[in-house]
S.K.: 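Sending over a structure as structure tokens; questions will come in a sec.
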Amino acid sequence: METIKVYTAIIGGGASGLMCACVASKTNPDKKIIVIERDNRVGKKILVSGNGRCNLSNLATCIKNYNNSFDDGINFLLEDYPPSKVIDYFSSIGLLTMRDFENRVYPLSKQASAVLSVLRNELKRNKVQELCDTEVIDISKHKGGYKLRCSDKTIIAEKVVIATGGKNNYAQKVVGNTYAVAQSLGHKVTSLSPSLSPVKVKSNVIKSLKGIRAQGSVSAVVNNKPLKSEQGEIQFGADCLSGICVFNLSRILNREKNAKIILKLLPDYSFLEIKEMLNKRISLINNDSVQDIFTGLFHKNIGIALLKESKIDTNKKANELSKAETNALANTVNEWVFETIPSNDFSTAQVTAGGVSCSEINPNTFESKKAKGVYICGEAIDVDGDCGGFNLQFAFSSGMCVGEQL
Ligand SMILES: Cc1cc2nc3c(=O)[nH]c(=O)nc-3n(C[C@H](O)[C@H](O)[C@H](O)COP(=O)(O)OP(=O)(O)OC[C@H]3O[C@@H](n4cnc5c(N)ncnc54)[C@H](O)[C@@H]3O)c2cc1C
């Protein structure tokens with residue numbers, strides 16, 4: 001079996017591993033660095049990110065955008081490796097960026113491939129070897145360094161970076177336990193669940209809304225306690241709700257049993273204001289079908305679904321509605337309640353909530369507390385962020401931080 005000796009072995013050719021390799025190779029041009037990737041090419045997830053446009057950072061990044069198990073959060077990283085540092089670095093290797101009205105940062109070309117290309121070009125200039133189709137199975141201590149057992153070879157390295165990403169392998173050919181490598185060094189992995197994914201709901205009336213979008217606010221309620229609210233565009237699926245604001249609640253709702261989403265289609269109106277509005281609309285259309293009550297307000301199918309959800313016969317005329325029915329309808333518009341179904345489906349998730357326990361990682365350097373000279377960065381760690389560039393910002397900044405330690 002072939003044996004390769006290097007100074008640094010970076011396991012995982014995703015956003016964090018590639019950034020780490022770029023920074024480390026620039027600082028240490030004489031030390032041999034290798035990026036080991038089990039898939040047939042590096043950076044596949046970068047290519048699909050942001051719908052192929054790669055929302056690589058967010059200028060409004062702050063601590064509340066992240067969940068993590070570090071005692072003090074990721075304050076150090078946000079202070080020392082803020083979005084501006086990531087953006088400046090990209091600019092230094094040739095990538096110009098732009099920000100949108102919500103502070104989301106994209107390549108100026110709006111092409112995710114541009115992000116991957118500048119990283120790979122920098123690796124080429126710095127003579128970093130990419131070793132694809134090679135899975136690292138485990139790591140063990142070896143003469144002051146480490147031995148990496150791979151599918152068909154052994155790699156001996158003084159320093160090792162674990163940048164193996166999360167459990168969600170969207171767009172990737174090779175799937176398997178991405179945490180096995182860290183676990184082989186004794187690291188614990190916290191409970192894992194899909195995040196930034198659609199949320200499955202129990203509903204008999206939304207099938208016909210598939211693909212329809214609406215503006216509103218959504219709240220995650222668990223055991224009757226509201227835990228998180230978001231406002232924006234909601235997308236209906238045949239059996240799920242999605243859209244960025246729902247994605248941001250999915251971390252909670254995919255885990256919890258007794259949970260629901262409360263959707264407010266008119267979040268700026270009170271129940272009484274909605275009732276008054278409905279009464280006015282009913283008098284206006286009078287003898288016409290109840291289905292016309294929402295014409296000019298919501299998509300026609302949403303109107304019909306609201307009537308069905310309120311147990312109103314959709315063949316009625318508007319002026320046939322009873323007071324109780326108008327109340328029920330106003331109630332549904334005000335708070336449309338969807339019982340949610342917990343999910344363990346990582347195939348539609350953008351990120352994994354949970355990962356290598358932060359209590360076993362030095363928060364200032366990302367060095368493993370279990371193995372000196374081993375660093376862990378990116379989504380492999382128990383850190384996950386909201387939708388909007390926060391996850392790539394974490395992957396790039398933690399990769400950069402580790403690259404500077406090597
Ligand atoms: C569809 C989609 C869209 C997204 N859009 C955005 C967005 O616009 N903005 C944003 O901020 N975030 C986005 N994300 C999330 C973001 O892409 C990830 O958080 C980020 O890519 C994580 O980078 P990483 O390097 O930590 O992990 P990954 O990118 O997952 O890379 C890890 C790599 O390690 C390899 N690997 C794993 N185990 C081994 C092993 N044992 N041996 C060798 N190789 C191994 C994997 O094959 C993989 O290539 C999106 C995610 C998805 C799925």
Side-chain angles (χ1 to χ4, degrees), residues 9-21 34-58 61 65-66 83 86 100 102 104-107 110 112 115-116 119 130-139 148-153 155 160-184 194-198 244 247 346-353 355-356 366 376-400 402:
I10 298 174
I11 311 169
S16 61
L18 294 177
M19 175 59 90
C20 177
I34 195 168
V35 175
I36 310 157
E37 170 55 52
R38 67 182 182 181
D39 218 318
N40 58 355
R41 59 171 298 182
V42 298
K44 280 193 177 177
K45 221 182 264 179
I46 294 177
L47 293 179
V48 296
S49 66
N51 286 325
R53 296 181 307 155
C54 188
N55 174 198
L56 61 101
S57 181
N58 191 306
T61 298
N65 298 118
Y66 294 95
V86 169
D100 73 3
E102 283 186 289
R104 293 181 291 223
V105 179
Y106 293 91
K110 292 273 179 91
V115 177
L116 183 57
L119 290 167
E130 285 176 11
L131 187 65
C132 291
D133 291 313
T134 304
E135 177 161 21
V136 177
I137 296 157
D138 57 32
I139 313 177
L148 282 58
R149 189 163 65 93
C150 305
S151 19
D152 61 351
K153 49 182 75 66
I155 294 167
V160 175
V161 180
I162 299 176
T164 47
K167 187 170 174 177
N168 57 315
N169 287 288
Y170 194 99
Q172 283 163 321
K173 203 174 95 186
V174 189
V175 293
N177 180 4
T178 41
Y179 302 97
V181 172
Q183 283 168 326
S184 71
S195 185
L196 305 192
S197 71
I244 291 177
F247 284 179
F346 286 82
S347 67
T348 56
Q350 291 194 4
V351 292
T352 301
V356 175
F366 290 91
I376 311 180
C377 56
E379 210 182 305
I381 306 177
D382 178 14
V383 176
D384 60 281
D386 288 338
C387 201
F390 306 104
N391 288 293
L392 279 171
Q393 166 62 28
F394 177 72
F396 287 133
S397 57
S398 59
M400 198 180 250
V402 171

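First listed ligand is number 1; within each ligand, the first listed atom is number 1. Note that these values count all heavy atoms, side chains included, but never hydrogens, waters or copies made by symmetry. As the structure is a computational prediction, the values presented were derived from the model and not from experiment.
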S.K.: Any atoms of ligand 1 less than 4.0 Å from a non-hydrogen atom of Thr134? List them with their elements.
M.R.: 43 (C)

S.K.: Is there a donor-acceptor pair closer than 3.5 Å between any side-chain N or O of Ser398 and the backbone N or O of Gly378?
M.R.: yes

S.K.: Heavy atom of Ile137 under 4.0 Å from ligand 1?
M.R.: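 Ile137: no contact with ligand 1 (<4.0 Å).
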
S.K.: Any idea which part of Ala163 is under 4.0 Å from ligand 1, heavy-atom wise: side chain, backbone, both or neither?
M.R.: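 Near ligand 1, Ala163 shows its backbone, while the atoms from C-beta on stay back.
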
S.K.: A quick test of your reading: do over 12 heavy atoms of other residues, nucleotides or ligands sit less than 6.0 Å from CG of Asp152?
M.R.: yes

S.K.: Taking the side chain as every heavy atom from C-beta outward, state whether Tyr179 and Lys167 have any atom pair closer than 4.5 Å.
M.R.: yes

S.K.: Has ligand 1 got any nitrogen or oxygen that is less than 3.5 angstrom from a nitrogen or oxygen of Cys377?
M.R.: no

S.K.: Tell me the nearest of Gly166, Gly165, Gly43, Gly388 to atom 27 (O) of ligand 1, using heavy-atom distances.
M.R.: Gly165

S.K.: Return a yes/no value for Gly50: is any of its N or O atoms, backbone included, closer than 3.5 angstrom to an N or O of ligand 1?
M.R.: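 N/O-N/O distance under 3.5 Å: yes.
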
S.K.: Would a distance-only check, ignoring hydrogens and angles, find a side-chain to backbone donor-acceptor pair under 3.5 Å from Glu135 to Ile137?
M.R.: no

S.K.: Would you mind running through ligand 1 and noting each atom that sits below 4.0 Å from a heavy atom of Glu135?
M.R.: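 Taking each heavy atom of Glu135 in turn, ligand 1 has 41 (N), 42 (N) under 4.0 Å.
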
S.K.: Is the shortest heavy-atom distance from the side chain of Arg53 to the side chain of Arg104 under 4.5 Å?
M.R.: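 The answer is no, as the side chains (C-beta and beyond) never meet within the 4.5 Å cut-off.
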
S.K.: Of the backbone atoms (N, CA, C, O) and the side-chain heavy atoms from C-beta on, which set of Ile36 has a member under 4.0 Å from an atom of ligand 1: side chain, backbone, both, or neither?
M.R.: backbone

S.K.: Heavy-atom distances under 4.0 Å are what count here, so tell me which part of Val181 touches ligand 1: side chain, backbone, both or neither.
M.R.: side chain

S.K.: For Ser16 and ligand 1, does the shortest N/O to N/O distance drop below 3.5 Å?
M.R.: yes

S.K.: Report the part of Val351 (side chain from C-beta onward, or backbone N, CA, C, O) that has a heavy atom under 4.0 Å from ligand 1; answer both or neither where that applies.
M.R.: side chain

S.K.: When only distance counts, is Glu37 in polar contact with ligand 1, meaning an N/O pair under 3.5 Å?
M.R.: yes

S.K.: Under a 4.0 angstrom heavy-atom cut-off, which atoms of ligand 1 come close to Gly378?
M.R.: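 Answer for ligand 1: 26 (O).
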
S.K.: Hey, which atoms in ligand 1 end up nearer than 4.0 Å to a heavy atom of Asn391?
M.R.: 11 (O), 12 (N), 19 (O)

S.K.: Lys45 versus ligand 1: do any nitrogen or oxygen atoms come within less than 3.5 Å of each other?
M.R.: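 For ligand 1, there is an N or O atom that lies under 3.5 Å from one belonging to Lys45.
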
S.K.: Can you sort out which atoms of ligand 1 are near Gly14, meaning under 4.0 Å from one of its heavy atoms?
M.R.: 25 (O), 29 (O), 31 (O), 33 (C)

S.K.: Before signing off on this row, confirm whether Cys54 and ligand 1 have an N or O atom pair separated by under 3.5 Å.
M.R.: no

S.K.: From Glu102 CD over to Asn58 CG, what is the distance, rounded to the nearest 0.5 angstrom?
M.R.: 8.5 Å

S.K.: Taking Ser197's backbone N and O only, do any of them form a donor-acceptor pair with Thr348's side chain (distance below 3.5 Å, no angle check)?
M.R.: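 No; judged by distance alone, with no hydrogens or angles, the pair does not exist.
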
S.K.: Is Leu56 in polar range of ligand 1, meaning some N or O pair under 3.5 Å apart?
M.R.: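 No, since none of the N or O atoms of Leu56 sits under 3.5 Å from an N or O of ligand 1.
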
S.K.: Counting each atom of ligand 1 from 1 as listed, which ones have a heavy atom of Gly389 under 4.0 Å away?
M.R.: 9 (N), 10 (C), 11 (O)

S.K.: For Ile162 and Val356, run side chain to side chain contact (heavy atoms under 4.5 Å, CB included): C-alpha distance rounded to whole Å, both residues' side-chain angles, the deciding distance at 0.1 Å, then the answer.
M.R.: CA-CA 10 Å; Ile162 299 176; Val356 175; over 6 Å; no

S.K.: Below 4.0 Å, non-hydrogen atoms only: which portion of Phe390 touches ligand 1? Side chain, backbone, both or neither.
M.R.: backbone

S.K.: Can a side-chain donor-acceptor contact be found between Gln183 and Asn177 if the only test is distance below 3.5 angstrom?
M.R.: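 Yes, side-chain donor-acceptor contact under 3.5 Å.
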
S.K.: Are Ser195 and Phe247 close enough that some pair of their side-chain heavy atoms sits under 4.5 Å apart?
M.R.: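 SC-SC contact between Ser195 and Phe247 ruled out.
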
S.K.: Using the rule side chain to side chain contact (heavy atoms under 4.5 Å, CB included), only one of Ile10, Val42, Ile36 pairs with Glu130; which is it?
M.R.: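 By the side chain to side chain contact (heavy atoms under 4.5 Å, CB included) criterion, Glu130 pairs with just one of Ile10, Val42, Ile36: Val42.
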
S.K.: Find all atoms of ligand 1 within a distance of less than 4.0 Å from any non-hydrogen atom belonging to Ala395, and give their numbers and elements.
M.R.: 23 (O)

S.K.: If you measure from CG on Asp384 to CZ on Phe394, what distance do you get to the nearest 0.5 Å?
M.R.: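 These two atoms lie 10.0 Å from each other.
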
S.K.: Does some side-chain heavy atom of Leu18 sit less than 4.5 Å from a side-chain heavy atom of Ile46?
M.R.: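 Side-chain contact under 4.5 Å: yes.
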
S.K.: Can you list the ligand 1 atoms lying under 4.0 Å from a non-hydrogen atom of Ser49?
M.R.: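 Reading through ligand 1 atom by atom, the close ones are 3 (C), 4 (C), 5 (N), 6 (C), 7 (C), 8 (O).
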
S.K.: For the side chain to side chain contact (heavy atoms under 4.5 Å, CB included) test, which of Leu392, Thr178, Thr352 pairs with Glu379?
M.R.: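 When Leu392, Thr178, Thr352 are each tested with Glu379, the side chain to side chain contact (heavy atoms under 4.5 Å, CB included) holds only for Thr352.
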
S.K.: Looking at ligand 1, does any of its N/O atoms fall within less than 3.5 Å of an N/O of Glu379?
M.R.: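 For ligand 1, there is an N or O atom that lies under 3.5 Å from one belonging to Glu379.
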
